[in-house]
Amino acid sequence: MTLPQTPSFHLAGKRALITGASSGIGRACAVALAEYGAAVTLAARRADQLEETAAHLRGLGQTADVLVLDVGDVEATKDAVARHGPFDILINSAGTARHSKAIDTAPEDFDAVMNVNLRGAYFLSQAVAKGLIAAGRPGSLINISSQMGHVGGTDRAVYCASKHALEGMTKAMALEFAPHNIRVNTLCPTFIRTPLGEQTLAIPERKAWILSKIKLGRVGEIADVMGPIVFLASEASAMVTGTSLLVDGGWTAD
């Protein structure tokens with residue numbers, strides 16, 4: 001009898017580009033991918049924090065490079081990917097939020113959020129996919145979305161709009177890139193204890209609302225996204241594309 005074999009979660013020989021890697025979820029994704037063998041390129045606007053993380057990873061015997069990058073600058077992003085790619089794995093984790101009541105949203109706040117969360121992610125995905133297609137290589141493109149890409153949230157109309165659009169973009173790109181064996185998915189966390197997340201958690205009424213919605217009864221921790229990102233990046237998810245992996249403690253199940 002021949003027993004089936006579990007596909008590998010290991011990423012040896014793969015190159016990964018992670019945006020927003022200077023802190024929070026982006027940095028956690030970089031650490032997880034490096035731990036499983038990927039050569040990671042840490043990208044963000046803040047070079048000092050990137051260098052600190054890269055140095056720590058190198059000290060563990062892992063391969064890490066730094067790329068100072070503003071995904072809002074589309075032409076610079078395209079040039080950087082063309083020079084440093086191709087990348088087998090992309091983690092689109094750069095993101096921003098400017099929360100307000102919808103009736104009070106200023107056009108400049110709308111544009112700032114969309115420029116990073118949607119436009120930046122779109123053209124970075126395009127650039128990485130072009131490099132993979134030209135090289136004839138498969139790949140995994142992962143967009144860090146949010147549970148707010150599936151539901152609404154008070155004072156979050158612009159943020160929700162950007163993440164709902166990211167979900168649609170992901171599905172359409174997954175269809176287009178599938179013939180090239182390039183998979184495109186989203187990872188959708190709930191509220192995670194990051195420096196940015198703590199700003200919301202510090203407001204008692206908001207924290208109470210969050211805990212009332214998360215059925216597992218706790219706020220997410222950084223480690224909660226690390227296993228799922230390795231799964232989506234690896235051959236363990238070889239048949240997964242055009243979909244969302246919700247790491248939300250049951251928020252959207254209700």
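- The two residues Cys188 and Ser145 come nearest to each other via the heavy atoms SG-CB, 3.8 Å.
- Transitive grouping of hydrophobic side chains (ILVMFWY, heavy atoms separated by less than 4.5 Å) brings Ile91 and Met226 into a common cluster.
- A donor and an acceptor atom, one from each side chain of Gln147 and Thr252, are nowhere located under 3.5 Å apart.
- Phe87 and Ile142 are not part of a single hydrophobic cluster, where members link through side-chain heavy atoms under 4.5 Å apart.
- To the nearest 0.5 Å, atoms CG (Asp65) and CD (Glu51) are separated by 9.5 Å.
- Note on Leu90 and Phe177: same hydrophobic cluster, where clusters join Ile, Leu, Val, Met, Phe, Trp and Tyr whose side-chain heavy atoms are under 4.5 Å apart, directly or indirectly.
- Within 6.0 Å of atom NZ in Lys207, 12 or fewer heavy atoms from other residues, nucleotides or ligands are found, so the atom counts as exposed in its surroundings.
- Put simply, Ile214 and Ile192 are part of two different groups of oily side chains (I, L, V, M, F, W, Y) that touch within less than 4.5 Å, one to the next.
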- request: Under the side-chain contact (heavy atoms from CB on, under 4.5 Å) rule, what do Leu245 and Asn185 come out as? Steps first, then yes or no, please.
  value: CA-CA 8 Å; Leu245 178 51; Asn185 293 289; over 6 Å; no

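- The heavy-atom pair separating Ser237 from Arg183 by the smallest distance is O-NH1, 2.8 Å.
- Follow the hydrophobic side-chain contacts under 4.5 Å out from Val128 and you never reach Leu42; the two are in separate clusters.
- Few gaps surround CZ on Phe123; more than 12 heavy atoms of other groups in view lie less than 6.0 Å from it.
- Counting non-hydrogen atoms of neighbouring residues, nucleotides and ligands closer than 6.0 angstrom, the CD atom of Glu198 exceeds 12 such neighbours.
- For the pair Pro86 and Arg15, the tightest heavy-atom approach, listed with the atom from each and the gap, is O-NH1, 2.9 Å.
- In this structure, a donor-acceptor pair under 3.5 Å is absent between the side chains of Gln49 and Ser23.
- Two residues are said to be in side-chain contact when any heavy atoms from C-beta on lie closer than 4.5 Å; Thr41 and His84 fail this criterion.
- Within 6.0 Å of NE2 on His180 lie more than 12 heavy atoms contributed by other residues, nucleotides or ligands.
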Stepwise side-chain contact (heavy atoms from CB on, under 4.5 Å) check, Ile133 with Ile182: CA-CA 9 Å; Ile133 291 169; Ile182 299 171; 3.8 Å; yes

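- Of the charged side-chain nitrogens involved, none lies within less than 4.0 Å of a carboxylate oxygen, so that Lys213 and Asp254 do not count as a salt-bridged pair.
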task: In sequence, state the C-alpha distance, the side-chain angles, and the governing distance for Asn143 and Met173, and then conclude on side-chain contact (heavy atoms from CB on, under 4.5 Å).
output: CA-CA 11 Å; Asn143 297 312; Met173 286 188 174; 5.9 Å; no

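- Within 6.0 Å of atom CZ in Arg45, 12 or fewer heavy atoms from other residues, nucleotides or ligands are found, so the atom counts as exposed in its surroundings.
- Within a 6.0 Å sphere centred on OH of Tyr36, other residues, nucleotides and ligands contribute 12 heavy atoms or fewer.
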